[in-house]
Each structure stands twice: as C-alpha cells, then as structure tokens.
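None of these values were measured; they are calculated from a predicted model. Here is how names work: the chains are called A, B, and so on, in the same order as the sequence lines, proteins then strands, and each is numbered from 1.
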There are 2 protein chains.
Amino acid sequence: MKRDSRLSSVLHALLHMAANDGPMTSEALAHCMHTNPVVVRRTMAGLRQAGLVRSEKGHNGGWTIACDLNAVTLRDIHAALGEPAVFAIGNRNAAPECLVEQAVNAALDDTFREVETLLMERFGRLTLAQLAEDFTGRLAAHHEKIRSQQNAV
Amino acid sequence: MKRDSRLSSVLHALLHMAANDGPMTSEALAHCMHTNPVVVRRTMAGLRQAGLVRSEKGHNGGWTIACDLNAVTLRDIHAALGEPAVFAIGNRNAAPECLVEQAVNAALDDTFREVETLLMERFGRLTLAQLAEDFTGRLAAHHEKIRSQQNAV
DNA sequence: GCATCATGTAATACGTAAAGTTACATGAAA
DNA sequence: TTTCATGTAACTTTACGTATTACATGATGC
C-alpha cells in the first residue's frame, strides 16, 4: 500500500453527498470511489462518531451530511479519522539512550512538529464549503467546454 | 513497517562517524543502531554515491565521512537517500476523471506541496555540524551530571 | 409478520515497502 | 594466502491500509 488515502476518500464522499439530496448508500459511494461498500462504512465510521454524518438502515437508508459545510474543516475530518500519522518519515527509536540518537531525534522532532503545525493550520482553514465551491466551479467550466465543443460542430 | 527511518538512521551513523577518528565498520555502526551490517551498507549506499561518505574494504576498512559537516544539510541527506516520500497521507487516485475528486485532489495537493516546501527549507537549514554540536552539548551535560552525582556520594 | 434493503462489524486475505536475514562474490591489507 | 570488510542479490518478516467474505442487526413497505 502506498499511502493512507482515507482523508481523500471521505472528502470525496462528503462532496458527493453534498451534491445529492437525500441519503446515499454505501454502495453508491463505493461506486463513485471505485471501491467497496464495506470500506466506505469502515472509513466513514469515524465521521459518524464525530457527528459529521448520519447513517440510516433500511429502505431509503444511507449516509447524510449532518453538519454545516461552512463550519467543518479538513482538520476536523482528519481528527474524526483518528488523526492518522501525517509523515512517512520518522525516528528509528522513540526514546533512545544513545546521546547521538537523542540529538538526531530532537532535531527531527522539532522540524516535524513545526511542519505538522503548519499542515494542521492549513487544514483548519479549508472548509468543506470551499471544496464544494471549487467543485461547482469545475462543473461549470466543464459544462462550458462541452457547450463550446457542440457549437464548434 | 511503521515509518521510514532511513534519514534518522544515516544521521545517527554520520554523527558516530564524526565523533570517531578512523573508519567505522558496518558492523560497528550496526551495533550502535541496533541493527544489521547489511542494512547499514544498503542504507549508506546512497550517501556514498552522493560523495558524502567513503567506504573501504579490507583491514582498517569501513566508512569515513568525505564531506564538510558545515556544508551538508539534512536536505542533502534526504536527496542522497533518493528523496523518499515525506507524507503518509495522499490522494486516492492521481489523475481522476471525477470532478469532485479533482477538486479534493487539488486542495490536498496544494496544501501538501506548501508544507513539503517548508520541510525542505528547514532541512536545508540544518547542517550536520549543527547536529554534531548539539550532541557535544548533550555529552557535556551528561558528564556534568555524572560528576555531580559522584560528588554527592 | 415477513421479505427486502441497508448498515455494523468481525475475520481473513492482499499489496506494498522498509527492515531483517542469509549467502556468496569482490577486493584490500597483514 | 588468509583474514577482514564491503557489495549485492535473494528471500523473509513486519506493519498497515485496503479489499473481500460472511453474517448479525435494524428499518421500511407490503
């Protein structure tokens, strides 16, 4: 497995849900994301627990957004997923006895901490509404392109 | 494997080499790092290719630093290792057709690009000499602590 | 009530990349 | 020419996200 793509996945799902009225089933979302309903349920479980989405069983069941898109940021989503590790790089030993390794760890830890802080700040500024708006813009551009192609024929 | 610790490993090795005069064998380094000589050779191969270290066979062989500690930064080391992936988080699909996913990817890509730039800048400011100096300070503090403990008895 | 739909979750397997291990070739020094 | 040390290929192990299977639970509609 190359990288953890859960954040990307749930954002994709949330935006599809936002663009649809009514609940979407795990199967429908799985189809959008070229994966499997069980993976969707498992990945979305954290968001449900955080109160960001709701899920309902039975006929007309499925997933619904339960939050204000303007109020929820990528940082909230990352937290709802259990704050998965950001970096693929890390120290060899967490608490080494060797003074050399302590010096190396201290430098790396400081750097990664600072960089992670910036990432979380950026995540904290990006709302779901902004992503949805970006999508709307892309959709409009896409329609415009289609229309101009038809006119050219 | 939880995380890629090669950067941490080679820094550890380099600082041990800097504190020793004469070459250090892969076995000695492996002992310091609680690993295996073959792993040391494999990990250090990139540094040798980049001209940062030298290795020699036979009696009195082993690894030697071949660069100016003041001139080499963590960024150089990271490059010498082949620029391993920094983030454990990423997009699900690199070039999706879905406009929703494109919007998500664009936002994440921008953010990660910015953050990676900061990380590389920080790495570019951290020299091996600075790490070595930090180690020297820790060593002095350690000796001071030992001495005061002996005085107390 | 009962068939159907949809989620919830456990158990298991798969894919990938670093780390660990074994084995053997190469080359330098005593 | 023996010994020491690196160089490297091949294989195993480990970790973890992802994929899949199987089955339980609960809600809806007839």
Side-chain angles (χ1 to χ4, degrees), chain A residues 1-10 12-13 17 20 22-49 53-64 66 78 81-94, chain B residues 1-10 12-13 17 20 22-49 53-64 66 78 81-94:
Chain A
M1 209 67 344
K2 222 180 165 69
R3 284 157 150 188
D4 179 348
S5 61
R6 280 176 292 180
L7 180 60
S8 168
S9 290
V10 297
H12 188 179
M17 288 159 64
N20 254 51
M24 288 187 74
T25 66
S26 302
E27 187 154 358
L29 289 172
H31 193 257
C32 291
M33 298 154 74
H34 305 103
T35 180
N36 179 303
V38 177
V39 174
V40 172
R41 290 186 198 116
R42 191 162 47 203
T43 311
M44 299 281 283
L47 303 203
R48 181 184 52 227
Q49 206 170 344
V53 297
R54 256 198 338 261
S55 62
E56 272 156 330
K57 298 180 177 178
H59 288 85
N60 282 320
W63 299 86
T64 333
H78 182 251
L81 289 173
E83 307 203 328
V86 167
F87 294 109
I89 301 181
N91 292 328
R92 187 177 181 83
N93 300 115
Chain B
M1 212 64 353
K2 219 179 167 73
R3 285 159 149 189
D4 179 348
S5 63
R6 280 176 293 179
L7 179 60
S8 169
S9 289
V10 297
H12 188 180
M17 287 160 63
N20 252 51
M24 289 187 74
T25 66
S26 302
E27 187 154 0
L29 290 171
H31 193 258
C32 290
M33 299 153 74
H34 305 104
T35 179
N36 177 304
V38 178
V39 174
V40 173
R41 290 184 199 120
R42 191 162 49 201
T43 311
M44 299 281 283
L47 304 203
R48 180 184 53 227
Q49 206 171 345
V53 296
R54 253 198 342 258
S55 63
E56 271 155 331
K57 298 179 177 178
H59 287 86
N60 282 320
W63 298 86
T64 332
H78 182 251
L81 289 172
E83 306 203 329
V86 167
F87 294 109
I89 301 181
N91 292 328
R92 188 176 179 83
N93 299 114

Which pairs of donor and acceptor atoms, one on a side chain in residues 32-40 of chain A, lie under 3.5 Å apart (sequence neighbours left out)?
residue	atom	partner	partner atom	Å
Asn36(A)	OD1	Val38(A)	N	2.9

So, is [X] close to the [N] phosphate, meaning a side-chain N or O under 4.0 Å from OP1 or OP2?
X	N	result
Ser26(A)	dT7(C)	yes
Arg3(B)	dA19(C)	no
Arg6(B)	dG20(C)	no
Thr25(A)	dC5(C)	no
Ser5(B)	dA19(C)	yes
Thr43(A)	dT18(D)	no

Quiz prompt | Residues in salt bridge (charged side-chain N to carboxylate O under 4.0 Å, His left out) contact with Arg41(A), at least two apart in sequence or another chain | solution = none
Quiz item: If each of Arg92(A) and Arg48(A) is mapped to the nucleotide of DNA chain C with the nearest heavy atom, which maps nearer the 5' terminus, i.e. the 5' end?
Solution: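 The residue closer to the strand's 5' end, by nearest nucleotide, is Arg48(A).
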Between [atom2] on [N] and [atom1] on [X], what's the gap in Å once rounded to a whole number?
X	N	atom1	atom2	value
Glu56(A)	dG8(C)	CD	C1'	14 Å
Asp4(B)	dA15(D)	CG	C1'	13 Å
Asn91(B)	dG17(D)	CG	P	17 Å
Leu47(B)	dG7(D)	CG	C1'	15 Å
Phe87(A)	dC16(D)	CZ	C1'	19 Å
Met44(A)	dT9(C)	CE	P	14 Å
Ile89(B)	dC16(D)	CD1	C1'	14 Å
His31(B)	dA5(D)	NE2	P	15 Å

Name each donor-acceptor pair under 3.5 Å that joins a side chain in residues 54-64 of chain B to protein atoms two or more places apart or in another chain, with its distance.
residue	atom	partner	partner atom	Å
Ser55(B)	OG	Arg48(B)	NH1	3.4
Trp63(B)	NE1	Ser26(B)	OG	2.9

Quiz item: Excluding sequence neighbours, so at least two apart, what forms side-chain hydrogen bond (donor to acceptor under 3.5 Å, both in side chains) with Ser9(B)?
Solution: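 Expected list: Arg92(A).
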Quiz item: With sugar-phosphate meaning primed atoms plus P, OP1 and OP2, does Arg54(A) contact a base, only sugar-phosphate, or nothing at under 4.0 Å between heavy atoms?
Solution: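 The answer is nothing, as Arg54(A) stays clear of every strand by at least 4.0 Å.
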Quiz item: DNA chain D: Glu27(B) or Ser9(A), which has the more 5' nearest nucleotide?
Solution: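 Result: Glu27(B).
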Quiz item: What residues, two or more places apart in sequence or in another chain, satisfy side chain to side chain contact (heavy atoms under 4.5 Å, CB included) together with Ala88(B)?
Solution: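 For Ala88(B) the side chain to side chain contact (heavy atoms under 4.5 Å, CB included) partners, ignoring immediate neighbours, are Ala88(A).
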Practice problem: List the atom of Pro84(B), the atom of Ile89(A), and the distance in Å for their closest heavy-atom pair. | Solution: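 That closest heavy-atom pairing would be O-CD1, 4.4 Å.
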Practice problem: Taking the side chain as every heavy atom from C-beta outward, state whether Val10(B) and Met44(B) have any atom pair closer than 4.5 Å. | Solution: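 Val10(B) reaches Met44(B) side chain to side chain.
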Quiz item: If the sugar-phosphate is the primed atoms plus P, OP1 and OP2 and the base is the rest, what is the B/S/- string for nucleotides 21-30 of chain C, using protein heavy atoms under 4.0 Å?
Solution: BB---BBBBS
